[in-house]
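A short write-up of the structure that comes next.
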Amino acid sequence: MNRMVNGAIRIVLIAAVFGGCAADPASRTSSGGNGPSEVTGGNSMDSVGSAWFVERAAALNLDFVHFNGASGHFYYPEILPPGVGLLDYDNDGDLDVFLVQGRMLGPDASVADALLPPTSASPPTGRLYRNDLEIGADGNRSWRFVDVTEQSGLTADGYGFGVAAGDIDNDGWVDLFVTSFESDRLFRNGGDGTFTAVSDGAGIEARGAFGVSAAFVDYDRDGWLDLYVGNNVDYDLDDRTECPNTAGARDYCPPETYGGLPDRLYRNLGNGTFDDVTPTALRHANTGGVSRATLGRFGPALGVATADFDGDGWLDVYVANDGTENLLWLNQRDGTLTDAALLSGAALSGLGTPEAGMGVDAGDFDDDGDEDLFMTHLTTEGNNLYVNNGSGMFQDESASSRLGPGSLPYTGWGSAWFDFDNDGRLDVMAVNGTVVAVDGRDDDPFPYGQRNRLFRNLGHGRFEDVTDRAGAVFELSEVSRGAAFGDIDNDGDVDVLVGNNSGPARLLVNTVGNRRHWLGLRLVGSSKDSPSGHGRDMLGARVAVIREDEPTRWRRARSDGSYASANDPRVLIGLGESTAAPNVEVRWPSGRTEAWDDVAIDRYTTLIEGQGRHLPEAAR
Amino acid sequence: MRVALLFWFAAAAGACGGGSPDAESEAAPTAALPDLSAADVFVREQVRAQHASLMAIVQTPTANAGRRADAYGDMGKLLMAAALHDAAEPHLRRAQTLAPDDARWPYYLGHLYRTTGALDDSVAAFNEVLRIRPEDALTLLWLGEVHLLAGQPAEAEPLFRTQLAMQPDSVVAHVGIGRAALAANDYARAVEFLEEGLRLSGQTAVGVHYPLALAYRGLGRLDRAEAHMRQRADVAILAEDPLMEELDTLIESPRAYERRGNRALSRRDWVTASEYFRRGLVLEPADPTLRHRLGTALFQMGDAGGAFAEFERTLQTAPGFALAHFSLGVLLEGAGRRPEAIERFEAAVRHEPAYIEARLALAGLLRREGRFEQALVEYEMLMEQGAAGDPRIEEAPFGHAITLVRLGRHAHARDRFMEGMAAYPDQPFFAHALARLLSGATDPGVRDGTRALALMEALPEAARSLDLGESMAMTLAETGRFGEAARWQRGAIERAMRGRRSDLVPDMREKLTRYERGLPWRSDDPVEFDPFLERSAGAIR
């Protein structure tokens, strides 16, 4: 039976090189033979004719296949995972991979009951793959992934949804937060290749919650990463609600069947523990007709992105809710955040309708210095583009940008702003897969697959759908959910890791981006007090890339965004045909602003807070 | 809009009469039936029967093109109604080919393509309708809507204007022009047309408030924007659409009737809802959901006896149907049959332990019956089930705290009220109850008059007026300000008498006497009030 929502009835109803890795000339040669000086104009990509993305997961030993445990009961959690994560857990300078796994659900459930049996005989569990990328002095490379789950001690054996990555103890080793149906789990990186589950002692294990996406964010500027967890629905496996589709066939129920659960904000106390500050830190708005307690406005959360949306230098939080108003928690600079989504114009569609927010990412696609939002939605709703006016007020430009209409037939999930072709403009990709069975697929045991879509930024607020030119991997119809974006092969362009429900993980290797020039930055804190000697990635730091005769490009270090996934925390900025070393300005989450001049291009450079030229307030 | 209906049927009739026998094979479209194995038996049989009918006509040599077009079209409509869009499309296209002047088929195709996101195809289909009927108002509006969806306000606006010229008081056309203006960032014009649309609707087009708020925000008039934001509602502003409404009635299955019934319930059309549920039960008499919802509709119609009978019949076929147990419990409680109601609530949570509302009802009723220890067990279970902090059920932590008060566990109750204040900062009754507890508790370790007074003074004005000033008098007395306390209490007594609550006056005078003697008031139950007391009685409306 429907829960509370159906009440009417119910009431009776980083200047060190990152890992020492410069861009690999050999990789350029292999991906088109063009060195930076040989890159041609804007249409060269099209004339080259080779695939922009090549799927290489299996070839690189990334042999993970997701298991959703479906047994015909249509348990609601089955349709949501998996998220995927990119993180350099061993600090060797390349991105490793964590993949969320499912398992059987329900009492007395056996793998023998699975409609889509697991591909491995071993019990399903989240898997950690070490990236063994080696680039020789001659540019030759060897690249493979090695499953190191067992030796890592990372035991994520719950019914997993998503993953977030961040260094919670400032020791320079990135830690992991895994959301799952039974309870969320925090794993501390020991710096020796192993992880230790610390949830209980840290005070953030939420039993009975339904965390999907989470984000590490230092909202209170105390130098420690706090944690925002987006919870989904109030679901119990004993719930017997059946939701037949129009033709009477049983399918997964919509989230409103169960109602949303309150999200959680955990403040990092800096001593290995967190304090749940949800009731006191998250405040309701004074506008927009909100008269109930803040808690009353949480929806079934699916996507979380953090950024400074109103330009005040403090990090805010945006939450994409499934079927209810989205949330925009604006930082009040006093330890509280106030939801201002409604009047900001980012809570609802342009028609005032709550939509099924899935994945979300923030990025300055129009190079005006503020963070704009891209969100994925259900079929017929279309993806949304909310354009920021700089003060945290948004305008829905989904239709005029063409991002909305082009996505109407798709149910989108993981997504991100990324400059796949390094022309300097942020493009966007959405991975897709329905939540209701697609009719007419008689032979498909899990008929929820759709093609993923790639949209190129044409400038002037317009995008074009370039999926058909992106490579054969974009012709696959899979049930994609999570997507993590990052330069996995350290060749200067952004690759994409895609998690498919009841399907293989896909590694989309970008072969086109590094035909142009790029700037790679790792923004880290001081390593002075870090036992590892590494500073942590300063998630939320904003960087301006300043060049003559070019618009200033603003990017930010982040691992959040997309859907239930963790992204490359490094910043990669496409420079197009420009070979000039740009000047760089960094606004750190602490509020400090620093500058670096003539930063080398076509390689990764680490910028350490406190080692740049301090900019006084007036110079900003 | 009813004019449109007449046109449509006239056009259809005209199309049906035309055409000539066509001997070409038409097997291809009919072979495109989807996999129906997962569909329920009713839909499967209905689609197959329609398909058989189609095949019979197709294989009739004398059937002219118009008749075959209708057969294909009807098949396409049924598939479209079942949301089997891929299967529906070729049938509707075939109908269009056979009857090129019948506007129904491109009209349905326009909607089908709009629904599946194929906007270019939708535009083409609606334009085809306009080729046949250039001034069809509904098609102009829908084509405009599709252009807005496609980010083409410049193409949309002339269509709305054409319709407006034909119908100057059209709410939909005004709102369409306003939305096109808003999409073009012409905020002043957006306000003009959206306001006019709202006025013409008699303020009933509440779906206008959100775009209107955005238009005012664009003009920098945030006060107006906020005002409209407060009034927003997720209600589409659409013209009556007989053809699409007809589509909605085609599927005859228990689930289809259930959906229609539920929609009727949502719009508070109890009679229609009951009819739909009854028709569903004809097809599937033992369906507990349909029967329970029929009971719901009957109750809303005022037929509590009928509702009771349906809930009981639900349990005859599905003894573990927790919802019916809960509903019966609410009815029994409303009838004053509290022990029986408790049994029903207990049955509901026994069959569905995570049924929060039922457990909440059980806990509340046990509390009102004075069975505090049992109530406390249920409240604690609710807390374990995550009810604490849940915005929808602030009654749970409040009831928990009140029960603790009744059991004399004042320190524990104080802590629960404080947690409630933190979790529900805009629900004043937590602070109010805490203030009374801190003022009147018999436990000196709990009493804190200064803090109680601060809590009372921080309460919103409206909340303070609710307790007739008596709580303020209590807190003042606890801080030794007996003169002020007596003045507040006298005022409270006057208000009680004016409010025809003379039944409260004797106790209030007793308190007054204590204040006049320089004595604070003490009680084992200093909170007294319960904002949720009438909840169950009000649950069934």
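Chain A is the first sequence line, chain B the second, and so forth, proteins listed ahead of strands; every chain is numbered from 1.
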task: Indicate yes or no: does B/Arg217 engage B/Glu226 in a salt bridge with an N to O separation below 4.0 Å.
output: no
query: In terms of heavy-atom pairs under 4.5 Å with chain B, which of A/Ser401, A/Ala247, A/Ser400, A/Ala249 leads?
result: A/Ala247
query: Just checking, any donor-acceptor pair under 3.5 angstrom between side chains of A/Asn384 and A/Tyr386?
result: yes
Contact origin within B/Arg179 toward chain A - heavy atom pairs under 4.5 Å: side chain
- prompt: Between A/Gln395 and chain B, which part of the residue has a heavy atom less than 4.5 Å away: side chain, backbone, both or neither?
  reply: both
Residue A/Tyr235 versus chain B: region with a heavy atom under 4.5 Å: neither
message: Pairing donors with acceptors under 3.5 angstrom, does anything connect the side chains of A/Thr411 and A/Thr379?
response: yes
Which atoms of B/Ser253 approach chain A - backbone, side chain, both or neither, heavy atom under 4.5 Å: neither
message: Checking B/Arg255 against B/Asp40 for the salt bridge (charged side-chain N to carboxylate O under 4.0 Å, His left out) test, could you report, in this order, the C-alpha distance in whole Å, the side-chain angles of both residues, the deciding distance, and whether it holds?
response: CA-CA 9 Å; B/Arg255 298 285 73 81; B/Asp40 74 28; over 6 Å; no
Which atoms of B/Leu119 approach chain A - backbone, side chain, both or neither, heavy atom under 4.5 Å: side chain
query: With a 4.5 angstrom heavy-atom cut-off, which part of B/Ala150 approaches chain A: side chain, backbone, both or neither?
result: both
Proximal component of B/His351, with respect to chain A [non-hydrogen, under 4.5 Å]: backbone
field: Region of B/Ala81 in contact with chain A, defined by heavy-atom distances below 4.5 Å
entry: backbone
task: Pick out which of A/Thr376, A/Asn432, A/Asp465 makes a side-chain hydrogen bond (donor to acceptor under 3.5 Å, both in side chains) with A/Arg453.
output: A/Asp465
field: A/Asn389, part contacting chain B, at a heavy-atom distance under 4.5 Å
entry: neither
message: For a side-chain contact (heavy atoms from CB on, under 4.5 Å) check, start with the C-alpha distance between A/Asn321 and A/Glu325, then their side-chain angles and the critical distance, and finish with the verdict.
response: CA-CA 6 Å; A/Asn321 285 328; A/Glu325 297 167 15; 5.7 Å; no
query: By a 4.5 Å heavy-atom criterion (distance strictly below it), what part of B/Leu148 contacts chain A: side chain, backbone, both, or neither?
result: backbone
field: B/Leu112 CG to B/Asp121 CG distance, which is reported to the nearest 0.5 Å
entry: 10.0 Å
- line: So, the part of A/Thr380 with a heavy atom under 4.5 Å from chain B: the answer is both
- request: Name the region of A/Ser349, side chain, backbone, both or neither, that has any atom closer than 4.5 Å to a heavy atom of chain B.
  value: backbone
query: Most heavy-atom pairs under 4.5 angstrom with chain B, which of A/Gly382, A/Gly350, A/Gly404?
result: A/Gly350
query: Looking at the rings of A/Tyr76 and A/Tyr258, which for Trp means the six-membered one, are their centres under 6.0 Å apart?
result: yes
field: B/His228 ring center near B/Tyr210 ring center (under 6.0 Å)
entry: no
- request: State the CD-CZ distance between B/Gln152 and A/Arg402, to the nearest 0.5 angstrom.
  value: 6.0 Å
query: Quick one: what part of B/Arg259 sits under 4.5 Å from any heavy atom of chain A, side chain, backbone, both or neither?
result: side chain
query: What option among A/Leu351, A/Thr280, A/Asp238 has the most heavy-atom pairs under 4.5 Å with chain B?
result: A/Leu351
